[in-house]
Amino acid sequence: MIQQAVNQVLQPIFDATFSNNSFGFRPKRSAHQAITRAKTYYEQGYKYVVDIDMKAYFDTVNHDKLMYYIEQKVQDKRVLCLTRLYLKSGIMVNGLFEPSEEGTRQGGNLSPLLSNIYLNEFDKLLPKRGYKFVRYADDCNIYVKSMRAGYRVMEKSIKFLEEELKLTVNREKSAVGSPMKRKFLGFCIMPMRNGVKIRPHQQAKLSVKQKLRKLTKRNRGKSTEVILKQIKQLMTGWLNYYGISVMKRFINELNGWLKHRLRQYIWKQWKKPKTRYRNLVQLGIDKQKAYEWSNTRKGYWRISASYILHRPLTDKELARLGYIDISKKYQFVHSNY
DNA sequence: ATCTCGGGAAC
RNA sequence: AUUGUUCCCGAGAU
């Protein structure tokens with residue numbers, strides 16, 4: 001509550017001083033802008049990335065250094081006091097409340113801003129050395145033209161971060177590599193025939209598929225209507241974020257797979273042969289065939305794969321039930337970029 | 001233009 | 001699992 005007030009005071013003061021290449025936790029700045037900046041670097045020939053990740057970032061910020069940076073810009077004693085109080089207020093460890101000499105409370109209102117104030121020192125250093133970089137919170141990417149340059153830059157950066165800022169770099173997660181392979185904000189960068197493009201990282205693709213799979217599990221006693229609504233809001237949100245990327249093939253595959261799963265789900269909901277029969281007839285199947293199909297013993301998946309369900313449950317029928325065609329939605333969203 | 005709630009995403 | 005900042009979408013209120 002009181003932290004929010006402090007945040008509102010500090011935010012505008014410090015945000016003005018932050019680097020143009022820092023995008024995390026800042027007003028009017030999004031992950032899209034960050035990945036777009038990275039893409040620009042790639043287009044300019046910086047085809048290797050030094051990806052530096054801080055270990056337990058929020059826990060390792062040095063209080064005295066941080067307060068020093070704040071004192072440079074803020075004179076108000078009350079604000080300084082409150083900030084120090086906030087820093088001292090402790091972090092949660094294994095559910096226990098521990099007072100802390102280091103670190104800022106995870107999930108605290110001030111933490112994101114404080115992390116930016118702290119890492120702003122790193123942001124100031126990088127351009128001095130002529131490095132192209134993008135930072136989003138503790139995820140810092142420096143773009144260089146060769147692997148060799150990359151290793152050199154990484155070494156120097158780690159040295160600065162650990163010796164000057166007293167942070168711990170996560171060496172497992174940090175690496176020099178190609179932006180084609182490495183994940184940044186859920187995306188990766190890919191040169192194509194018609195230019196450099198942004199794509200969702202493999203992990204992002206897998207995780208959305210997993211979420212859809214969970215939503216369409218047959219176990220849950222939800223109505224088709226509810227399921228379709230949930231799919232709609234999940235995919236609307238997901239495409240709002242990932243729609244910036246080029247992924248026509250993936251989307252088409254996902255769409256086909258999902259419709260397949262939905263038909264299976266609906267068929268399963270018509271539990272008894274009687275309901276199946278009634279629904280099939282209602283959807284315009286002649287009585288003879290409806291009777292045969294409704295008594296079939298094949299597994300649900302095979303049934304929905306077969307033309308049995310495609311005939312009555314056409315794409316049009318799915319749409320009528322509330323299914324949002326992912327391919328069309330993607331094309332629509334993506335056309336804005 | 002502000003705000004609440006619901007959802008998606010980054011960290 | 002929960003919290004936080006920011007961005008985006010939807011619904012609603014003034």
Side-chain angles (χ1 to χ4, degrees), chain A residues 1-12 14-15 18 21-38 51-61 86-87 89-97 103-120 134-141 167 170 173-174 182-188 198-201 203-212 214-215 226-245 247 254 322 324 326 329-330 332-334 336-337:
Chain A
M1 218 50 164
I2 193 125
Q3 300 154 13
Q4 208 155 34
V6 177
N7 191 19
Q8 272 170 358
V9 173
L10 293 182
Q11 176 98 269
F14 279 96
D15 199 74
F18 288 159
N21 300 313
S22 161
F23 292 89
F25 305 139
R26 293 182 59 188
K28 304 280 173 215
R29 282 172 175 253
S30 67
H32 282 170
Q33 293 171 316
I35 188 67
T36 304
R37 178 72 51 87
D51 183 354
I52 297 172
D53 194 85
M54 256 61 84
K55 191 179 256 175
Y57 174 72
F58 283 109
D59 305 337
T60 49
V61 170
Y86 170 82
L87 288 170
S89 73
I91 46 175
M92 300 292 277
V93 180
N94 298 331
L96 295 169
F97 193 71
T104 71
R105 227 180 91 241
Q106 255 165 338
N109 322 43
L110 265 182
S111 298
L113 176 61
L114 294 181
S115 74
N116 272 335
I117 292 173
Y118 202 70
L119 280 179
N120 190 33
V134 182
R135 187 172 67 77
Y136 194 101
D138 64 338
D139 199 352
C140 187
N141 280 9
L167 294 169
N170 189 340
K173 281 192 182 173
S174 306
R182 292 205 64 85
K183 181 161 85 84
F184 183 49
L185 306 174
F187 299 101
C188 52
I198 295 164
R199 296 174 147 279
H201 191 269
Q203 279 175 30
K205 293 184 194 169
L206 288 176
S207 91
V208 74
K209 195 167 177 180
Q210 218 164 0
K211 276 181 187 167
L212 287 169
K214 230 169 133 189
L215 278 184
V226 170
I227 297 292
L228 289 170
K229 210 169 167 180
Q230 287 175 334
I231 289 174
K232 181 180 170 173
Q233 66 182 9
L234 169 68
M235 287 318 293
T236 307
W238 195 84
L239 285 174
N240 246 340
Y241 185 75
Y242 284 102
I244 192 175
S245 48
M247 49 173 173
L254 193 71
I324 288 297
I326 297 173
K329 180 115 187 164
Y330 164 65
F332 178 74
V333 173
H334 185 73
N336 295 327
Y337 293 106

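Note on naming: letters A, B, ... go to the chains in the order of the sequence lines (proteins, then strands), and numbering restarts at 1 for each one.
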Practice problem: Please check the phosphate of C:rA11 (OP1 and OP2 only) for any side-chain N or O of A:K232 closer than 4.0 Å. | Solution: no
Quiz item: Can you name the residues that form a side-chain contact (heavy atoms from CB on, under 4.5 Å) with A:R199, not counting sequence neighbours?
Solution: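 side-chain contact (heavy atoms from CB on, under 4.5 Å) list for A:R199, sorted by chain: A:C188, A:M190, A:M192.
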Exercise. Could you work out which one of B:dA10, B:dG8, B:dG7 sits closest to the side chain of A:W238?
Key: B:dG8
Could you give the [atom1]-to-[atom2] distance, from [X] to [N], as a whole number of Å?
| X | N | atom1 | atom2 | value |
| --- | --- | --- | --- | --- |
| A:M235 | B:dA9 | CE | C1' | 13 Å |
| A:Q233 | B:dA9 | CD | C1' | 14 Å |
| A:Q8 | B:dT2 | CD | P | 13 Å |
| A:L239 | B:dG8 | CG | P | 13 Å |
| A:L215 | B:dG7 | CG | P | 12 Å |
| A:I231 | B:dG6 | CD1 | C1' | 18 Å |
| A:K55 | B:dC11 | NZ | C1' | 18 Å |

Atom pair [atom1] ([X]) and [atom2] ([Y]), whose distance is rounded to the nearest 0.5 Å:
| X | Y | atom1 | atom2 | value |
| --- | --- | --- | --- | --- |
| A:T36 | A:F187 | OG1 | CZ | 8.5 Å |
| A:S30 | A:I244 | OG | CD1 | 7.5 Å |
| A:R26 | A:N116 | CZ | CG | 7.0 Å |

Pairs under 3.5 angstrom only: tabulate donor-acceptor contacts from the side chains of residues 232-242 of chain A to other protein residues two or more places apart or in another chain.
| from | atom 1 | to | atom 2 | distance (Å) |
| --- | --- | --- | --- | --- |
| A:T236 | OG1 | A:K232 | O | 2.5 |
| A:Y241 | OH | A:L185 | O | 2.7 |

Quiz item: Looking only at heavy atoms, which two atoms of A:A137 and A:F25 are closest? And how far apart?
Solution: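 Between these two residues, the closest heavy atoms are CB-CE1, 3.4 Å.
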Under 3.5 Å, N/O pairs linking protein and nucleotides 5-10 of chain C:
| from | atom 1 | to | atom 2 | distance (Å) |
| --- | --- | --- | --- | --- |
| C:rU5 | OP1 | A:Q4 | NE2 | 3.4 |
| C:rU5 | O2' | A:F25 | O | 3.1 |
| C:rU6 | O2' | A:R26 | O | 2.9 |
| C:rU6 | O2' | A:R29 | O | 2.8 |
| C:rC7 | OP1 | A:K28 | N | 3.0 |
| C:rC8 | O2' | A:N240 | OD1 | 3.3 |
| C:rC8 | O2' | A:N240 | ND2 | 3.4 |
| C:rC9 | O4' | A:N240 | ND2 | 2.5 |

